[in-house]
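Remarks on the structure that follows.
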Amino acid sequence: MTSSAIISHPMKSIGDLLVDETLATAFLSSMSVYSDQLHGRRLWLACSGGRDSLALAALCVQLYRQGRLPCLPQLLHVDHGLQSDSQYWAKHVANWAQAQQIPCRILQAQVNGHDEQAARQARYNVMRAHINKSDVLLLGHHADDQAETVLMRLIQGAGVNGLSGMQPWRVQTQGAQCNILWRPWLTIRRANISAYAKRLELPYIDDPTNDSGNNVRSGLRRDIMPILATYNPNVIDNIARSAQLLSDAQETVNAQAMQDMQQTESTDLQLLPAQRVLNIDTLQKLPIYRQRQLLHYWLGQDEPLPPAKQLVDDVLTLSQRDDQDHQTELFWQGRKASYTIRRYRQQLYRMSSEWLSWLKLLRTEQVLLLSSLSLSKNNSADNSFELVTLCRSNDYIWQLQVKVDGLVRLLENSTDCVAQQIVLKVAPLDRKQRLKTEMAARPQAGKKLYQTLGIPLWLRESLIVVSITLTKKSEDGSDIQTDIPLLLASPFESWLLSSEQTDSDAKSNQLAEYIKSELSLK
């Protein structure tokens, strides 16, 4: 059984047939532009079996046979089962690839949804999972596709970035995976590809949904583009040219926004990509249009699609408020992650939901017996340390690095006598626990302590206290225990604590060296 959507041409080798020089020139010119980026990378071609992708695969075969292309791409066909004949289409693509002696892989995908966007996302996800990091995925998009994309984004209210359309070379990242999308035919018209496919008698798949009008793209293609062509026969080329001009403009906007961000971001509070922070005072020194551009750029980092204008406007309004309400939360569901945007004092925070969930993980009390540890763990006293893990997940790890021997010597020199036992204790901060930081005149607890230290609401439950318990012998032989608070720490900052039992000057100068708080991505 076969599919009626497959154009009924014989399955034949096309390697020795005449090359279309217009298509070949566009492809080879693009390859020359990106030759440095292509060097040493594996090349794949997303082949649905439709006219455009099969024509691009055919051109690659012809150029390779003529020695004008150094290697053949490997074809990737994704069967996501949305069409009743999809299994026949997959088999057809594999048979055609075999006839041309070009490698081909058939991949299965599960679509979460029923619309065009869900299917597209499923295709890219399964292809990205199959290819290796830094590989190049070749796509058959052309000028007509570009014009339709720009019109779709225009009616959706896109800005300069969206209206710049598809890019000929785009680095796409998702987590640790980084791949490149290469579109060498964005200057080529659909009619040129159709003529080439007809001349070669390519047995391509003519998907009936492409011109059905059941989605926005096919509706524009069937109903709107022919009408626009009556006003200007060059409408496709003109829209594609406008997209290129807007792409150049977006590069200028991005360069300015990046420069502004480098001057505005609070680097000591950032953990990329989980938490990004902007300083509001510096932000407000910019003209209002640059503030909007900067917020649009800042919010959209780590995401394939930019934020909506409404979100940018809401974040700008949040940055302009002069009240002391720190409860306001803005939520953004991005493509790769969800985010919460909050303000605390003069800082704007964009935080991923995974990061906020990690901050709520329970911290448990931990004890480290210092006096039982010795220099034998390392050859040098300067390198003798213990790692105390405060909180760990699949994504983040927060640890204390304790230089044991230096800390013990410091404590012994700061107390009246040598302790029989020295225990380091790490425990979550109790809201009622009173602590005296070096910047405070008296001990504080709860809200007063948080306000003095400038700790945002969402970080307050993650605070930990590092203290020492010294055990000494009294004159009658009984044990005397003395608790000495040393350090209060959040994932991003730490504060020295004052105590009557230690020399504060010595502690201030050396504790930061002996006890370090380190937060990192795993």
### Query
Is any NZ, NE, NH1 or NH2 atom of the basic residue among Lys285 and Asp281 found under 4.0 Å from an Asp or Glu carboxylate oxygen of the other?
no
### Message
Tell me if a side-chain donor or acceptor on Gln256 pairs with a main-chain N or O of Arg290 at a distance below 3.5 Å.
### Response
no
### Query
Which atom pair, heavy atoms only, marks the closest approach of Leu59 to Asp20?
CD1-O, 4.4 Å
### Message
Before you tell me yes or no, could you show the steps for Val171 and Cys178 under side-chain contact (heavy atoms from CB on, under 4.5 Å), namely the whole-Å CA-CA distance, both residues' side-chain angles and the distance that decides it to 0.1 Å?
### Response
CA-CA 7 Å; Val171 178; Cys178 174; 3.5 Å; yes
### Task
Kindly confirm or rule out a cation-pi arrangement of Arg342 over Tyr349, judged by NZ or CZ under 6.0 Å from the six-membered ring centre and within 45° of its axis?
no
### Message
On a heavy-atom basis, which atom in Leu54 and which in Cys47 lie closest, and how many Å separate them?
### Response
CD1-SG, 3.9 Å
### Message
Quick check for you: to the nearest 0.5 Å, what is the distance between Ile341 atom CD1 and Leu278 atom CG?
### Response
11.0 Å
#### Entry: Step-by-step side chain to side chain donor-acceptor pair (under 3.5 Å) determination, Thr340 to Arg350
CA-CA 6 Å; Thr340 296; Arg350 193 210 73 174; over 6 Å; no
### Task
Find the distance between CG (Leu220) and CE (Met225) and round it off to the nearest 0.5 Å.
7.5 Å
### Message
Using a 6.0 Å cut-off, check whether atom CD of Gln110 has over 12 heavy atoms from anything other than its own residue.
### Response
no
### Message
Please determine whether a side-chain nitrogen of the Lys or Arg among Asp302 and Arg276 lies less than 4.0 Å from a carboxylate oxygen of the Asp or Glu.
### Response
yes
### Task
Any chance you could lay out the side chain to side chain donor-acceptor pair (under 3.5 Å) test for His77 and Arg105, step after step, and finish with the verdict?
CA-CA 6 Å; His77 176 85; Arg105 300 285 181 88; over 6 Å; no
### Task
Go through the side-chain N and O atoms of Asp52 and His141 and say whether any donor and acceptor fall under 3.5 Å apart.
no
### Query
NE2 of His92 to CD1 of Ile6: how many Å apart, nearest 0.5 Å?
4.5 Å
### Query
Ala24 and Val19: which non-hydrogen atoms are nearest, and at how many Å?
CB-CG1, 3.7 Å
### Charged N-O contact under 4.0 Å between Arg217 and Glu148
yes
### Query
Got a salt bridge between Arg189 and Asp144, using NZ or NE/NH1/NH2 to carboxylate O under 4.0 Å?
yes
### Query
Ignoring hydrogens and geometry, is there a side-chain-to-backbone donor-acceptor pair from Arg199 to Leu18 under 3.5 Å?
yes
### Task
Assess the side chains of Gln62 and Arg68: does a donor N or O sit below 3.5 Å from an acceptor N or O?
no
### Exercise: do Ser30 and Trp182 side chains pair donor with acceptor under 3.5 Å
yes
### Query
Do the side-chain N and O atoms of Asp36 and His39 include a donor-acceptor pair separated by under 3.5 angstrom?
no
### Residues forming a side-chain hydrogen bond (donor to acceptor under 3.5 Å, both in side chains) with Thr389, sequence neighbours excluded
Gln399
### Task
Check whether more than 12 heavy atoms from other residues, nucleotides or ligands sit under 6.0 Å from atom CG of Asn394, and answer yes or no.
no
#### Entry: Euclidean distance, Leu359 CG relative to Cys391 SG, rounded to 0.5 Å
8.5 Å
### Within-4.5 Å side-chain heavy-atom neighbours: Arg321 and Thr328
yes
## Note on the structure
For Gln167 and Ser247 the tightest heavy-atom approach is OE1-OG, 2.9 Å
### Query
Looking only at side chains, do Glu303 and Tyr339 share a donor and an acceptor under 3.5 Å apart?
yes
### Message
Is the shortest side-chain heavy-atom distance between Ile205 and Val93 below 4.5 Å?
### Response
yes
### Message
If we check side-chain hydrogen bond (donor to acceptor under 3.5 Å, both in side chains) with Trp398, which of these qualifies: Ser462, Ser517, Ser393?
### Response
Ser517
### Query
Is there a donor-acceptor contact under 3.5 Å linking the side chains of Gln347 and Ser266?
yes
### Query
Hey, mind stepping through Trp44 and Leu75 against side-chain contact (heavy atoms from CB on, under 4.5 Å) and telling me if it holds?
CA-CA 6 Å; Trp44 305 82; Leu75 303 190; over 6 Å; no
### Query
Between the side chains of Thr264 and Asn279, is a donor N or O closer than 3.5 angstrom to an acceptor N or O?
no
### Message
As an exercise, state the distance from CH2 of Trp358 to CE of Met351, rounded to the nearest 0.5 Å.
### Response
14.0 Å
### Task
Please report the shortest heavy-atom distance between Cys104 and Ala97, naming the atom on each side.
CB-CB, 3.5 Å
### Message
Set out, in order, the CA-CA distance, both residues' side-chain angles and the distance that settles side-chain contact (heavy atoms from CB on, under 4.5 Å) for Cys60 and Leu138, then state yes or no.
### Response
CA-CA 11 Å; Cys60 288; Leu138 188 57; 4.0 Å; yes
### Message
Using a 6.0 Å cut-off, check whether atom CD of Gln301 has over 12 heavy atoms from anything other than its own residue.
### Response
yes
### Message
I'd like to check Ser86 versus His80 (side-chain heavy atoms, cut-off strictly below 4.5 Å). Are they in contact?
### Response
no
### Message
Counting only heavy atoms from other residues, nucleotides and ligands, does the tally under 6.0 Å from OH of Tyr231 exceed 12?
### Response
no
### Check: Arg42 side chain, Asp135 main-chain N or O, donor-acceptor pair, under 3.5 Å
no
### Task
Without swapping roles, check the side chain of Arg170 against the backbone of Leu181 for a donor-acceptor pair under 3.5 Å.
no
#### Entry: Test: Asp145 and Arg190 ion pair at under 4.0 Å
yes
### Message
For Asn234, is the CG atom crowded, meaning more than 12 foreign heavy atoms sit under 6.0 Å from it?
### Response
yes
### Query
Any donor and acceptor pair, going by atom type alone, linking the side chain of Arg183 with main-chain N or O of Leu139 inside 3.5 Å?
no
### Query
So, Gln250 side chain and Asn161 main chain: donor-acceptor pair closer than 3.5 Å or not?
yes
### Message
Ring centroids only, cut at 6.0 angstrom: are Trp96 and Tyr204 within range, meaning strictly under it?
### Response
no
### Task
Would you confirm whether the ring centroid of Tyr396 sits within less than 6.0 angstrom of the ring centroid of Trp355?
yes
### Message
Any non-hydrogen side-chain atom of Val78 less than 4.5 Å from a side-chain atom of Met127?
### Response
yes
### Donor on one side chain, acceptor on other, Arg335 and Gln121, under 3.5 Å
yes
### Query
Does the side chain of Ile397 come within less than 4.5 Å of Leu521's, by heavy atoms?
no
### Query
Taking side chain as C-beta onward, heavy atoms only, is Ser134 less than 4.5 Å from Asn179?
no
### Query
Roughly how far, to the nearest 0.5 Å, is the CG atom of Asn254 from the CD atom of Gln259?
13.0 Å
### Query
Going through the distances and angles, do Phe27 and Leu56 end up as a side-chain contact (heavy atoms from CB on, under 4.5 Å)?
CA-CA 9 Å; Phe27 181 89; Leu56 183 57; 3.9 Å; yes
### Task
Could you tell me whether Glu461 and Lys360 have a side-chain N and a carboxylate O separated by less than 4.0 Å?
no
### Message
With a sphere of 6.0 Å drawn around CE of Met11, does it hold more than 12 non-hydrogen atoms of other residues, nucleotides or ligands?
### Response
yes
### Message
I'd like to know if the side chain of Asp79 pairs up with that of Trp89 as donor and acceptor (distance under 3.5 Å, no hydrogens or angles considered).
### Response
no
### Query
For Thr22, does its backbone N or O pair with a side-chain atom of Thr25 as donor and acceptor, under 3.5 Å?
no
### Message
Testing the basics here: between Leu294 and Ala257, what is the closest heavy-atom pair and its distance to 0.1 Å?
### Response
CD1-O, 3.6 Å
